[in-house]
J.: 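Supplied in structure tokens, the structure appears directly below.
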Amino acid sequence: MDSAPLDWQQAYVAGTTPWDLRRATPPLADLLASPLLASVGLGAGARVAVPGCGRGHDVREFGRHGFDVTGFDLAPSAVDEARRLLELNRARARVLCRDVFGLLPEFSATFQLAYDYTFYCALRPPLRPAYARTLAGILAPGGMLLHLTFPMRSDLAGKDGRPPFLVTAQDLRTSFEPLFDLVRELPASGSVPERVGAEHWYLWRKRVR
């Protein structure tokens, strides 16, 4: 399934990846240094999925904190670079070349946490409910979704129908509330200057039916 009107493989081959900070996302580094995830029962060893992981900077950050982390990306060039960086940094993690919409049934109920940053906003809005269903499917009962929302400012949204697509709190509720309960939301700390005020944390728990 085409996740957005953009050739992701070509973008990585050409190096036209302005969303890539070339390091772990600063708000994620801040959050993993805090007790938030441990307070909801997600400590070292918890199984984490990172859809649309790109070059794997955030995958490595989770691995550095002792999580059992698997990144997924559709673009072979991104996966190759992510694996090279994992090896270079001797990181304990894995990155697989997969279409996120095809993770089921292979990874059904596998993970305790799914982490999203810049994947939801790359999807054309009609695909968002299917993405929520996929995340719920790969999470174990009671599993959690950690979502760093971006961009929540229209000036940072893409133009002419290109990603990133603007994301609002109502968008998130529409996508996730049918399957998840909101556990907590909090401002993002440490955002790079151009993204200050455009990022916000939401922590959701998969609803047990």
J.: Step by step, work out the side-chain contact (heavy atoms from CB on, under 4.5 Å) result for Val167 and Leu172.
T.: CA-CA 7 Å; Val167 180; Leu172 298 179; 3.8 Å; yes
J.: Tell me, which pairs form a salt bridge (charged side-chain N to carboxylate O under 4.0 Å, His left out) where one or both residues lie in residues 136-159, sequence neighbours left out?
T.: Arg153-Asp155
J.: Using distance only, find each side-chain donor-acceptor pair of residues 126-145 under 3.5 Å and give its atom names and separation, not counting sequence neighbours.
T.:
unit_1	atom_1	unit_2	atom_2	d
Arg128	NH2	Leu166	O	3.2
Tyr131	OH	Asp116	OD2	2.5
Thr134	OG1	Ala130	O	3.1

J.: Which residues satisfy the side chain to side chain contact (heavy atoms under 4.5 Å, CB included) test with Val196, sequence neighbours excluded?
T.: Ser191
J.: Between Leu146 and Trp201, is a side-chain contact (heavy atoms from CB on, under 4.5 Å) present by the stated rule, with each step listed?
T.: CA-CA 7 Å; Leu146 178 65; Trp201 284 113; 3.5 Å; yes
J.: Is there a donor-acceptor contact under 3.5 Å linking the side chains of Thr174 and Asp171?
T.: no
J.: Is there a chain of hydrophobic side chains (I, L, V, M, F, W, Y, each step under 4.5 Å between heavy atoms) that links Leu28 to Leu113?
T.: yes
J.: Ring-plane angle category for Phe119 and Phe101, please: parallel below 30°, perpendicular beyond 60°, tilted otherwise.
T.: tilted
J.: Taking a hydrophobic cluster as the set of Ile, Leu, Val, Met, Phe, Trp and Tyr residues connected by side-chain heavy atoms closer than 4.5 Å, whether directly or through intermediates, do Val95 and Leu85 fall within one such cluster?
T.: no
J.: Hey, is the main chain of Ser77 close enough, under 3.5 Å, to the side chain of Asp80 for a donor-acceptor pair?
T.: no
J.: Test salt bridge (charged side-chain N to carboxylate O under 4.0 Å, His left out) on Arg84 and Glu87 and set out the steps.
T.: CA-CA 5 Å; Arg84 179 180 60 81; Glu87 183 176 2; over 6 Å; no
J.: Report yes if the side chains of Arg195 and Pro151 come closer than 4.5 Å at any heavy-atom pair, otherwise no.
T.: no
J.: Please write out which residues are connected to Leu21 in a hydrophobic cluster, directly or through intermediates, given that two of Ile, Leu, Val, Met, Phe, Trp, Tyr count as joined at side-chain heavy-atom separations below 4.5 angstrom.
T.: Val192
J.: Once ring pair (Phe, Tyr, Trp, His ring centres under 6.0 Å) is applied, do any residues pair with Phe150, and if so which ones, sequence neighbours excluded?
T.: none
J.: Among all residues two or more places apart in sequence or in another chain, which pass the salt bridge (charged side-chain N to carboxylate O under 4.0 Å, His left out) test with Arg184?
T.: none
J.: How close do Ala24 and Glu61 get, heavy atom to heavy atom, and via which atoms?
T.: CB-OE1, 3.7 Å
J.: Check Val69 against Ala93 and note the closest heavy-atom contact, atom names and distance.
T.: CG1-CB, 3.4 Å
J.: Please list all pairs passing the ring pair (Phe, Tyr, Trp, His ring centres under 6.0 Å) test where one or both residues lie in residues 24-64, with sequence neighbours left out.
T.: Phe62-Phe67, Phe62-Tyr115
J.: Return the minimal non-hydrogen interatomic distance between Ala122 and Phe165, and the atom names on each side.
T.: O-CE1, 3.8 Å
J.: Under the side-chain contact (heavy atoms from CB on, under 4.5 Å) rule, what do Leu86 and Arg60 come out as? Steps first, then yes or no, please.
T.: CA-CA 7 Å; Leu86 286 175; Arg60 298 195 307 277; 3.5 Å; yes
J.: Return yes when atom CZ of Arg92 has more than 12 non-hydrogen atoms of other residues, nucleotides or ligands closer than 6.0 Å, and no otherwise.
T.: no
J.: Taking everything shown except Gln170 itself, do over 12 heavy atoms lie less than 6.0 Å from its CD?
T.: yes
J.: If Ile, Leu, Val, Met, Phe, Trp and Tyr residues are connected whenever their side-chain heavy atoms lie under 4.5 Å apart, and connections chain through other members, are Trp8 and Val79 in the same group?
T.: no
J.: Could you give all pairs that pass the side-chain hydrogen bond (donor to acceptor under 3.5 Å, both in side chains) test and reach residues 105-114, with sequence neighbours left out?
T.: Arg98-Glu106
J.: In residues 31-42, what donor-acceptor pairs under 3.5 Å come from side-chain atoms, sequence neighbours left out?
T.:
unit_1	atom_1	unit_2	atom_2	d
Ser34	OG	Leu31	O	2.6
Ser34	OG	Leu36	N	3.3
Ser39	OG	Leu36	O	2.5

J.: Can you name the residues that form a side chain to side chain contact (heavy atoms under 4.5 Å, CB included) with Arg22, not counting sequence neighbours?
T.: Thr17, Asp20, Arg55
J.: CG of Leu148 to CG of Leu203: how many Å apart, nearest 0.5 Å?
T.: 12.0 Å
J.: For residues 168-198, which residue pairs pass the ring pair (Phe, Tyr, Trp, His ring centres under 6.0 Å) check, not counting sequence neighbours?
T.: Tyr120-Phe176, His147-Phe176, Phe176-Phe180, Phe176-Trp204
J.: Taking the side chain as every heavy atom from C-beta outward, state whether Asp73 and Gln9 have any atom pair closer than 4.5 Å.
T.: no
J.: Considering residues at least two apart in sequence or located in another chain, which fulfil the side chain to side chain contact (heavy atoms under 4.5 Å, CB included) criterion with Arg94?
T.: Asp68, Thr70
J.: Same cluster or not: are Tyr202 and Val183 linked, directly or through other Ile, Leu, Val, Met, Phe, Trp or Tyr residues, by side-chain heavy atoms under 4.5 angstrom apart?
T.: no
J.: Determine whether Asp30 and Pro27 make a side-chain contact, defined as any pair of heavy atoms from C-beta on separated by less than 4.5 Å.
T.: no
J.: Test Asp181 against Arg205 for salt bridge (charged side-chain N to carboxylate O under 4.0 Å, His left out), laying out the working first.
T.: CA-CA 5 Å; Asp181 294 315; Arg205 189 185 301 276; over 6 Å; no
J.: Report whether Val50 and Tyr117 are members of the same hydrophobic cluster (ILVMFWY, side-chain heavy atoms less than 4.5 Å apart, transitive linking).
T.: yes
J.: Looking only at non-hydrogen atoms, find the nearest pair between Val100 and Gly52 and report the distance.
T.: CG2-N, 4.0 Å
J.: Counting distance only, does the side-chain N/O of Asn89 pair as donor-acceptor with the main-chain N or O of Ala91 below 3.5 Å?
T.: no
